[in-house]
Amino acid sequence: MNQLSNLGDGFLTVLTPMNLLWVFVGALLGTAVGVLPGLGSAMAVALLLPVTFSLDPIGAFIMFAGVLFGGLFGDSISGILMNTPGNSTAIASTIEGHKMAQDGRAAQALATSAIASFFGGTVAAILVVFFAPSLARLATHFGPAEYLALAVFAFVAISAVVGESILRGLTSLVIGLAIALVGIDGMSGASRFTGGMPELFDGINIVVITVGLLALGEVIAVAARRGTKEEAKLITSAGRLWLSRKEFRLALPAWVRGTTIGVPFGIIPVGGSEVPTFLAYGTERRLAARKPGNMFGRGDGRGVAGPEAAGNATASTAMGALLALGLPTSATAAVLLAAFRQYGLQPGPLLFERASELVWALLASFFIGMVVLLILNLPFAPLWAKLLKVPRHYLYAGITVFAMLGIYATSSKVFDLVLVLAIGLLGFGMRRYGLPVAPVLIGVILGPLAETEFRRTMAVSEGDPFALVSSPISATLYIVLALGVTGLLVQRSRARKKEESRLMTPVA
């Protein structure tokens, strides 16, 4: 009851005309920045940080709440419409979302994304208000071996389910892990796969890889299809705003599952929403494979609903972890930590006592910010989708320009522009030969985490390999993974035999 009373006071603070204006402005600016390739929610908060210097702390953080969730939705808009996610957190939902856009269902994809964002973020915000201490205790059970098991689970699960062939999926994963190895080894200081070029000592930026594989790779693939029968598969219409009863019925369980997956990851420092969004995507793809009407690979709304709900649930609980523990578990949370320090505040347990009014106003603004975003973006989904009616050569030329601008804005290096072009050619080659792109991205994102945690586990255990499976959490993850892959292999083997027997059956 004490939490409800405090939350009520927070709503009273936020529900004033000026504070509501800051929520609205934050949501609008966050969405606008998130749409730009290479930027995203963390960059939106960072760019707008100087703007808030003249505001009081409560007004500033209320605006940040709108920027945060607006940026997350903006990331998805560019991913769904142009196959260019504003940030790596939107990669998983881009896979099916852009397929839906190509199939003339862009507005449905955006509506699914908006409702998923609202659902996942709201449920997680409620949990943060009531169960933040319990969620914080859960994070203390994760050590190096558990993080490694989590990374391996994501590697194999995504590689196995994304492509038609497990071998092709694992090949893509190896490509991603190889790219992740480029740069200076943090533990030994040795340079790896840099070719002696100083520009590669810091590794290859995830934004460069994401934009190259997804945006430029798609642009080159579209150019290569020009004048062929495949060109007819490109985007033709924007679709309708609302979800049919059937689409809503299919999406609802995906929203629930995605939220369930995303909530714990907000308090586990794995770097952001990439892991839960990919796990949610893999879960939806595996479940859909067992049922008739599977549209994965051609644009399935569940592939948007699950990751979007997971991403926003993670973002909400990450804010809870920042407020309660002072622990930034994502890039956006780290930027917000800097914002707190700018105002002379230190997030942690004492913040609830020393700045109670600000904390509860911020939590209340999460709810209001998500409602504002739903009101802003749901009716405007068809308007965003009309971008796809721009003549194709202008649209893809514009995508290329914005992609290159986004890359240069994040690094100010001409070398990165050359690199993104090379990775774009790699993405085109992968599309040409049927290799899925998602395992490359999951390998790049989680490869460094897996390597670091493996070496930590070996160092702590003095080289004992049994330390990798000694804890109940890591052992359970490996067992579930082994059972899942075995089941998938058996299922595909049966499907292959059934197809062979059908082809061998003589036609009457």
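Model, not experiment: these values are computed from the prediction. Position 1 is the first residue of the sequence; numbering continues from there.
- Pairs passing the side chain to side chain donor-acceptor pair (under 3.5 Å) check and including a residue from residues 425-435, sequence neighbours excluded, read E218-R431.
- Between E453 and R456 there is a salt bridge, since a side-chain N of the basic residue sits under 4.0 Å from a carboxylate O of the acidic one.
- No side-chain donor-acceptor contact under 3.5 Å links T112 to the backbone of A305.
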Solution key, residues 416-423 side-chain donor-acceptor pairs under 3.5 Å, sequence neighbours excluded:
unit_1: D416; atom_1: OD2; unit_2: S411; atom_2: OG; d: 2.8

Verdict with supporting geometry, F415 and M197, side-chain contact (heavy atoms from CB on, under 4.5 Å): CA-CA 10 Å; F415 182 79; M197 290 185 283; 4.1 Å; yes

Pair Y281-I95, side-chain contact (heavy atoms from CB on, under 4.5 Å): steps then yes or no: CA-CA 9 Å; Y281 176 79; I95 298 169; 3.4 Å; yes

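- Proximity of a side-chain donor or acceptor of T317 to a complementary backbone N or O of T314 within less than 3.5 Å is detected.
- Using a 4.5 Å heavy-atom cutoff, the side chains of L477 and V152 are not in contact.
- Annotation for Y478: atom OH counts as buried by contact number, over 12 foreign heavy atoms lying within 6.0 Å.
- Contact annotation: the side chain of L181 never approaches that of L177 to less than 4.5 Å [non-hydrogen atoms, C-beta and beyond].
- With hydrogens and angles ignored, the 3.5 Å screen pairs no side-chain donor or acceptor of S113 with any backbone N or O of A109.
- Less than 6.0 angstrom separates the ring centroid of F64 from the ring centroid of F61.
- Counting only heavy atoms from C-beta outward, the side chains of R302 and R285 never approach each other to under 4.5 Å.
- Under the salt bridge (charged side-chain N to carboxylate O under 4.0 Å, His left out) criterion, no residue pair touches residues 460-489, with sequence neighbours excluded.
- For residues 435-451, the pairs satisfying salt bridge (charged side-chain N to carboxylate O under 4.0 Å, His left out) are R192-E451, E451-R455, with sequence neighbours left out.
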Going by atom type alone, with no hydrogens or angles, which donor-acceptor pairs under 3.5 Å involve a side-chain atom of residues 465-472 and a protein atom two or more places apart or on another chain?
unit_1: S470; atom_1: OG; unit_2: A467; atom_2: O; d: 3.1
unit_1: S471; atom_1: OG; unit_2: E146; atom_2: OE2; d: 2.4
unit_1: S471; atom_1: OG; unit_2: S474; atom_2: N; d: 3.2
unit_1: S471; atom_1: OG; unit_2: S474; atom_2: OG; d: 2.8

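- Between E199 and K413 there is no salt bridge, since none of the side-chain N atoms of the basic residue sits less than 4.0 Å from a carboxylate O of the acidic one.
- The nearest pair of heavy atoms linking M370 to S316 is CE-OG, 4.5 Å.
- Within the 3.5 Å criterion, the main-chain N or O of P307 finds no donor-acceptor partner in the side chain of S93.
- For the pair L110/I77, a side-chain contact is recorded, criterion being any heavy-atom separation below 4.5 Å from C-beta on.
- Counted within 6.0 Å of CZ on F193, heavy atoms from surrounding residues, nucleotides or ligands total 12 or fewer; the atom is thus considered open.
- Looking at H98 and I80, their side chains never come closer than 4.5 Å, going by heavy atoms from C-beta outward.
- Between F69 and F366, the gap from one ring centroid to the other is short of 6.0 Å.
- Every pair tested for salt bridge (charged side-chain N to carboxylate O under 4.0 Å, His left out) that includes a residue from residues 396-409 fails, sequence neighbours excluded, so the list is empty.
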